[in-house]
Amino acid sequence: MSQPVRLHILITTLPGRGQEQVDAYERLAPIVRAEEGCLQYDLHRVVGDPDQFVLVELWASREALAAHDVTAHMVAADAASPGFRAGPARVIEVEDRSVA
């Protein structure tokens, strides 16, 4: 049985372009949340920096995450993001449960 996959994705936009990230997320979130295996998909702004974000994702399995990565909406989103992002997002996989 496959284990859940939890990701924390660090996103930095170009200076003053944070709202474009929020707008892109608001368009994409309902589509992603409807995908099979999506358990969580939430964007958080970093306190004190309007151009920095953490996207928290939880997927039921690696297979669900792999399927998500190749959907047409994600391919399109990945193609559009260099227009407002300062660089590639940093993806950090964390354990699904707390250590304590």
Side-chain angles (χ1 to χ4, degrees):
M1 179 179 215
S2 189
Q3 297 295 312
V5 179
R6 182 176 296 278
L7 304 175
H8 290 188
I9 302 167
L10 309 177
I11 300 167
T12 302
T13 65
L14 294 166
R17 308 280 297 268
Q19 188 59 46
E20 292 175 64
Q21 175 62 57
V22 172
D23 295 343
Y25 167 79
E26 287 177 345
R27 288 188 300 274
L28 198 58
I31 300 166
V32 172
R33 288 181 180 143
E35 290 180 45
E36 184 173 338
C38 180
L39 304 175
Q40 182 180 10
Y41 191 78
D42 296 316
L43 185 69
H44 302 268
R45 195 182 302 265
V46 172
V47 173
D49 188 342
D51 297 320
Q52 203 166 42
F53 302 86
V54 177
L55 178 62
V56 179
E57 298 186 26
L58 179 60
W59 294 90
S61 65
R62 291 204 180 278
E63 295 79 15
L65 175 59
H68 160 73
D69 287 340
V70 297
T71 59
H73 53 272
M74 286 311 301
V75 171
D78 289 344
S81 66
F84 55 85
R85 287 192 181 169
R90 181 171 174 221
V91 179
I92 302 169
E93 183 174 342
V94 298
E95 292 180 357
D96 187 44
R97 60 178 177 240
S98 175
V99 295

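What's counted below: heavy atoms across the whole structure, side chains too, no hydrogens, waters or symmetry copies. Quick caveat, the model's predicted, so the values are computed rather than measured.
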(message) For the OG1 atom of Thr13 and the CD atom of Gln52, what is their distance to the nearest 0.5 Å?
(response) 9.0 Å
(message) Quick test of your reading: applying salt bridge (charged side-chain N to carboxylate O under 4.0 Å, His left out), list the pairs with at least one residue in residues 32-49, sequence neighbours left out, ordered by first then second residue.
(response) Arg33-Asp42
(request) State, to 0.1 Å, how close Leu58 and Pro4 come at their nearest heavy-atom pair, and which atoms those are. (result) CD1-CB, 4.0 Å
(request) Name all pairs fulfilling the salt bridge (charged side-chain N to carboxylate O under 4.0 Å, His left out) condition that reach into residues 7-28, sequence neighbours left out, sorted by first residue then second. (result) Arg17-Glu20
(request) Not counting sequence neighbours, which residues clear side chain to side chain donor-acceptor pair (under 3.5 Å) with Arg62? List them please. (result) Glu93
(request) Check whether any side-chain heavy atom of His68 sits under 4.5 Å from a side-chain heavy atom of Cys38, and report yes or no. (result) no
(request) Considering non-hydrogen atoms only, spot the tightest contact between Ser2 and Ser61 and give its length. (result) OG-CB, 3.2 Å
(request) With sequence neighbours excluded, tell me which residues meet salt bridge (charged side-chain N to carboxylate O under 4.0 Å, His left out) with Asp96. (result) Arg6
(request) Could you list who else is in Val91's hydrophobic cluster, with ILVMFWY side chains joined at under 4.5 Å, directly or through other members? (result) Val5, Leu7, Ile9, Ile11, Val22, Tyr25, Leu28, Val32, Tyr41, Leu43, Phe53, Leu55, Trp59, Leu65, Met74
(message) Looking at Gly16, is its backbone amide N or carbonyl O close enough to the side chain of Asp51 to form a donor-acceptor pair, meaning the two atoms are under 3.5 Å apart?
(response) yes
Return all side-chain donor-acceptor pairs below 3.5 angstrom for residues 77-85, not counting sequence neighbours, or 'none' if the list is empty.
{"from": "Ser81", "atom 1": "OG", "to": "Asp78", "atom 2": "O", "distance (Å)": "3.2"}
{"from": "Arg85", "atom 1": "NE", "to": "Gln21", "atom 2": "OE1", "distance (Å)": "2.9"}
{"from": "Arg85", "atom 1": "NH2", "to": "Gln21", "atom 2": "OE1", "distance (Å)": "3.2"}

